[in-house]
2 protein chains.
Amino acid sequence: MTHLLIADDHAVVRKGMIQILRDAGVDAEITEASDGHQALQAVREQRFDALLLDISMPGKSGIDVLKQLRAQDDHTPVLVLSMYAEEQYALRLIRAGAAGYLTKESAPDQLATAVRMVVQGKRYISPEVAELLADSLNQRQADADDDSNRHTQLTDREFQVFLQLARGLGPTEIGQQMNLSVKTIASYRSRILQKMGLRTNAELTLYANRNAML
Amino acid sequence: MTHLLIADDHAVVRKGMIQILRDAGVDAEITEASDGHQALQAVREQRFDALLLDISMPGKSGIDVLKQLRAQDDHTPVLVLSMYAEEQYALRLIRAGAAGYLTKESAPDQLATAVRMVVQGKRYISPEVAELLADSLNQRQADADDDSNRHTQLTDREFQVFLQLARGLGPTEIGQQMNLSVKTIASYRSRILQKMGLRTNAELTLYANRNAML
DNA sequence: AGCGGCTGTAGGAAATATCCTACAACCGGT
DNA sequence: ACCGGTTGTAGGATATTTCCTACAGCCGCT
C-alpha cells in the first residue's frame, strides 16, 4: 500500500491534508511528523512512496530535509508545501530536487493530483511554476541589472534569511528557527545586503514588499 | 444539533479543523465558507451555534465579518483564528466582541475546548490573551479604529520619528537629526508601536509604504 | 594538484537598540 | 485651583545587532 509521510508543524494542516487526500480517494497509510528531525527519523526507519514537506518548520525546514535526503542519496519523491506565496522558492526547490511545489492556496484537488503524480515518480509542476520555470530560462543570461531580480543571486540559505529579515524578525529569532548561531545570521545579512546593494533592513522589507514576496 | 460555520480561505485548514473537531468528539453539523462574503451569506440563511473565522482572508477578513455581524446586532459567538501569532490583534478582537482568539499554533485540543465553550455561550480566553487583557487595563485606550488611519493618533513629534524609522534610520541617526537623546527616540518608538498596534520596525515600514507615506 | 573564490558557519568586540522608569510641563475637565 | 492623563525628554541596565575576522569544504579552472 502507498505510504506517505506528512511533515508540518501545525496539527491543523496535517489533519487537513490527510482529510483532503482521503476525500479524494487517495488510499494510503499516512505517517505524521511535526518537524524536520522527526521526518528524517521516520525516513530512516521506513520506506515512503512520497514525502509532503512543509517548507517552513522551526528547526529543520522542508528544504533542509530535502537537501539532506538528496545528500544521502535517498530519492524518495518530495512534494514541498509552502504556507506563503513565496513563488520565488519554487524554482530553488525544483532545482534542489523537489518533485513538486504547492502553496496552501492550492485547491484540494491539486493536492490530490500532485500526490498521485509524485507517488508514481512523476513530477508535479503547476501552471504557475511552469511559467516561472520558462521565464527563468529566457532571463538566464539577460541583463543583470533588472532590479526586480536582484534576489536571485542569493543562495538558498541567504534567501531564507532574507525573507525572515524582511518580515521583521531579528537575527536572534531567525537563528532559533534555523538553529544557527546569531552570528551566522548576521553574516548572511551582510552578504545579502552586499549582494543586493541595499543598506538597511527597511530596504529589505521594501524590496520584498514591492516584489510581493511577503 | 450543534451547527458550526468555518470560514477560512484555505481548504486544508478547514478540513484540518473539521477533522480535529471530529477526533475530539465534537458532534456538529459543519458548514464551510471560503471567504468573508460567503460567511455572511451563510449567516443570513441559517442559524449557527458558533462561527470560526480566520482573521486573514482576502476580501472581507474575519474582523470585517465580526464587525458587520455586531453592527447588525447578530450575537452568534465568534471564535477568531489567526494564522500568525499576531497577539496584538487579540485585544482588538475581543473588544470588538469576539468570543475567543486562537492561533494556528494552538494544540488541537485547545481548538476543541474553545469550540465547546463558545458554543455554550462562554468565552474562551487563552492564558496568553488573558495576560494581554490584564495589561491593557492599565493602558486603557479608546479605540476609534479606522485601521488605515492609525497614524493620525500620533503626536507631531511621534509622527516625525515614525517616518524616519519607517525609512530605516536608527534611533541614533534620528536623534542626531532632531538633537534629541537616543533614549528619547526610543521612547517615541515604543509609544508609536503601542499606539498603532504594531510590533516591529518592519511593520512600520510596511504600514508607511502601503499608505504611500514614503 | 593547486589556487582562488564562494558558501555555510561562528567568535569577539564594539556599537546600537530596547525596556523600564522617571519627571516636569501642559491640557482639559470639575 | 486640582487631578488625571498625555507629551516631550532622558537615564540605567540589558539585550540585540552589527562589523570584522576566520576557517573548512566545495567547485571550477589551469
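Proteins get letters first, then strands, A, B, ... in listed order; numbering begins at 1 in each.
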Can [X] and [Y] be counted as having a side-chain donor-acceptor contact under 3.5 angstrom?
X        : Y        : value
A:Asp64  : A:Gln68  : no
A:Gln164 : A:Gln160 : no
A:Arg191 : A:Gln194 : no

Can you tell me how far [atom2] of [N] sits from [atom1] of [X], to the nearest Å?
X        : N      : atom1 : atom2 : value
A:Asp64  : C:dT9  : CG    : C1'   : 14 Å
A:Leu169 : D:dT18 : CG    : P     : 13 Å
B:Leu154 : D:dG8  : CG    : P     : 10 Å
B:Asn201 : D:dT16 : CG    : C1'   : 13 Å
B:Ile185 : D:dT7  : CD1   : P     : 16 Å
B:Leu193 : C:dT18 : CG    : P     : 9 Å
A:Arg189 : D:dC20 : CZ    : P     : 12 Å
B:Gln194 : D:dT7  : CD    : C1'   : 14 Å

task: Quick one: label A:Lys195 by what it contacts on the DNA or RNA (base, sugar-phosphate, nothing), any heavy atom closer than 4.0 Å.
output: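 Since only primed, P, OP1 and OP2 atoms lie under 4.0 Å of A:Lys195, the category is sugar-phosphate.
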message: Ring-plane angle category for A:His151 and A:Phe162, please: parallel below 30°, perpendicular beyond 60°, tilted otherwise.
response: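 Rings of A:His151 and A:Phe162: parallel, under 30°.
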Under 3.5 Å, N/O pairs linking protein and nucleotides 24-26 of chain C:
none

message: The side chain of B:Pro171 is closest to which nucleotide in this list: C:dT18, D:dC19, C:dG8?
response: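 Among C:dT18, D:dC19, C:dG8, the one nearest the side chain of B:Pro171 is C:dT18.
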task: Identify which nucleotide among D:dT9, C:dA10, C:dG8 has an atom closest to any side-chain atom of B:Leu180, counting heavy atoms from C-beta outward.
output: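 Side chain of B:Leu180 sits closest to D:dT9.
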- prompt: Should A:Lys67 and A:Asp156 count as an ion pair when the cut-off is N to O under 4.0 Å?
  reply: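 Yes.
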message: Strictly below 4.0 Å, N to O, side chains only: are A:Arg189 and A:Glu158 in salt-bridge contact?
response: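 A:Glu158 and A:Arg189: not salt-bridged.
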Hey, is the side chain of [X] poking within less than 4.0 Å of OP1 or OP2 on [N], counting only N and O atoms?
X        : N      : value
A:Arg157 : C:dT7  : no
A:Ser190 : D:dT18 : no
B:Thr155 : D:dG8  : yes

query: Want to settle it: does A:Glu173 or B:Asp156 sit nearer the 5' end of DNA chain D, counting the closest nucleotide to each?
result: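 Final value for this comparison: B:Asp156.
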field: Residue pair A:Arg157 / A:Thr184, side-chain heavy-atom distance below 4.5 Å
entry: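 Not touching, per the 4.5 Å side-chain cut-off.
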- request: Would you mind reporting whether B:Ile174 and B:Leu180 have side-chain heavy atoms less than 4.5 Å apart?
  value: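 A side-chain contact is absent here, since even the closest heavy-atom pair is not under 4.5 Å.
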- request: For residues A:Leu66 and A:Gly97, report the shortest heavy-atom separation together with the two atoms involved.
  value: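 Taking every non-hydrogen atom into account, CD1-O, 4.0 Å.
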message: I'd like to know if B:Arg191 reaches the base of D:dT9 with its side chain, counting only an N/O donor and acceptor under 3.5 Å.
response: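 Side chain to base: pair found, below 3.5 Å.
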query: Does any N or O in the side chain of B:Arg14 come within less than 3.5 Å of the main-chain N or O of B:Ile6, such that one atom is a donor and the other an acceptor?
result: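 Here the side-chain-to-backbone pair does not exist.
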Do any N or O atoms of the protein come closer than 3.5 Å to N or O atoms of nucleotides 11-14 of chain C, and which pairs are they?
{"from": "C:dG12", "atom 1": "N7", "to": "A:Lys183", "atom 2": "NZ", "distance (Å)": "2.6"}
{"from": "C:dG12", "atom 1": "O6", "to": "A:Lys183", "atom 2": "NZ", "distance (Å)": "2.8"}
{"from": "C:dA13", "atom 1": "N6", "to": "A:Lys183", "atom 2": "NZ", "distance (Å)": "3.4"}

